[in-house]
Amino acid sequence: MLEKLKQLLPARDAVPTAGPIGIEFARETLHMVQLRAGRDDTIECVSRVSIDYPSNREHTLDDPAATRALLKKALAAGDFQGRSVVPALPPHRVRIMSVNYKLGASEDHAGMILKMMRQRMGSDMQDHVIDFIHVRSQDLSDERLAVVALAEERAVNSFLDNIRSAGLTPLALEVNPLAIKRVVVQLIHTHQTDTSNSLAINFGEHGSYLTVISGRRLLSDQPTAFAEDDIVTELAKDLNVEPAQARQWIARYGLRGSEGLPATDGGGEIASIIVQIARRNLTRLIAEIERSEIYVASETRGGTVSAIFLLGGMARWPGVETLIGSMTGIPVKILDPRAVYGDHSQPPYPSATVATGLALRPFQV
């Protein structure tokens, strides 16, 4: 079963001048990014495109013709070289979990992980494909740890067929946490930053993900119930407005409070209420961050989280990094993948973090 996913993909070719196109079917938008190796160990952007879905992600992916049309529209909008791609399975179509196991003298990693997954999933393992990466090879207890991705084989086949129908060739199929890790690692390498243990928070409307990275290793990827909608819904209820109006106010005033705003137009009061509501809801997220810190300490023999990176919808809220930083005491930054290829001529592009990480695949060991 571990080999099924590899059988669905062609053998990986040598890395061309321009790498494959990274493709992410994000919540509201299709993102595509292509990179190439520049001079002096730098990375350049060949092309990047973001296109909204005609309806929504689920309807688009369930309709092969709609998926094909969207991909072709994105290709026509950019200046992409070749048609090799590295797509990511959308989060709602893959389960990611950590598996602890011990290896006997005559056992191999793949076989033991498969055995552990069968014990955990039972009959749910039928008709699924799985893949894994090692997180910890050995320690004093000789216990291993792997991050495992599990998806229905039918969903994987359908996803790959839709991509191929647009004239594209998938070189690999990945998951969001690996792409995010790749961007964080590249930024640390590029800017020589001392962030040996990092936490990336990918915000979503209905839930978020916490990805823990240690050096070049992906330690874990865990969902959390914290969601943007919690803040938007509470703000709309408190101020007796529609959620769309609440989102407009958040986009305008952000999470910076009333400082610097005139007291005569009512904006200062609204800005203060937004921060109060955000703080109340962020308390739950801070508890999740603290649990991640404990996990990092246990997995790295006392290491600490030295940086938090934010991406996803809420990362666009002005002042969000300052507020979370003040609540955690940890440096917080918006994860802007433009820094990977040094292009600051256009507006920040944090939404394309995953697509950039997918495009980085050939450029990192």
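Small disclaimer: the values here were computed from a predicted structure and weren't measured.
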> Side chains of Asn176 and Tyr209: closer than 4.5 Å at any heavy-atom pair?
Replying inline: no

>> Show me the pairs that pass salt bridge (charged side-chain N to carboxylate O under 4.0 Å, His left out) and involve residues 225-241, at least two apart or across chains.
In response: Arg27-Glu228, Glu228-Arg247, Asp229-Arg247, Asp230-Arg284, Glu234-Arg280, Asp238-Arg280

> Taking only residues two or more places apart in sequence, or in another chain, which ones meet Ser214 in a side-chain hydrogen bond (donor to acceptor under 3.5 Å, both in side chains)?
Replying inline: Asn197

> Shortest non-hydrogen contact from Leu145 to Leu219?
Replying inline: CD2-O, 4.4 Å

> Do Leu187 and Asp336 have side-chain heavy atoms sitting under 4.5 Å apart?
Replying inline: no

> side-chain hydrogen bond (donor to acceptor under 3.5 Å, both in side chains) with Asn162: which residues, sequence neighbours excluded?
Replying inline: none

>> Using the rule side-chain contact (heavy atoms from CB on, under 4.5 Å), only one of Val212, Leu199, Ile96, Ile213 pairs with Ser220; which is it?
In response: Val212

> Would one find more than 12 heavy atoms of other residues, nucleotides or ligands at under 6.0 Å from atom CD of Gln119?
Replying inline: yes

>> If we ignore hydrogens and angles and just use 3.5 Å, is the side chain of Tyr53 paired with the main-chain N or O of Ala26 as donor and acceptor?
In response: yes

> Can you list the residues that meet the side-chain hydrogen bond (donor to acceptor under 3.5 Å, both in side chains) rule with Asn202, with sequence neighbours excluded?
Replying inline: none

>> What verdict does the salt bridge (Lys or Arg N to Asp or Glu O under 4.0 Å) test give for Asp131 and Arg95, after you've listed the backbone C-alpha separation in whole Å, the side-chain angles of each residue and the deciding distance to 0.1 Å?
In response: CA-CA 11 Å; Asp131 205 350; Arg95 294 181 61 183; over 6 Å; no

>> Under 3.5 Å, is there a donor on one side chain and an acceptor on the other for Asp62 and His59?
In response: no

>> Once salt bridge (Lys or Arg N to Asp or Glu O under 4.0 Å) is applied, do any residues pair with Arg36, and if so which ones, sequence neighbours excluded?
In response: Glu44

> With the threshold set at 4.0 Å, does a side-chain nitrogen-carboxylate oxygen contact exist between Arg361 and Glu174?
Replying inline: yes

List the atom pairs, with distances to 0.1 Å, where a side-chain N or O of residues 321-331 and a protein N or O form a donor-acceptor pair under 3.5 Å, not counting sequence neighbours.
unit_1 : atom_1 : unit_2 : atom_2 : d
Ser326 : OG     : Leu323 : O      : 2.7
Thr328 : OG1    : Ile324 : O      : 2.9
Thr328 : OG1    : Ile330 : N      : 3.2

> Any side-chain donor-acceptor pair under 3.5 Å between Tyr101 and His109?
Replying inline: yes

> Any side-chain donor paired with an acceptor under 3.5 Å for Thr29 and Asp52?
Replying inline: yes

> Does Leu71 reach the side chain of Phe25, with side-chain heavy atoms less than 4.5 Å apart?
Replying inline: yes

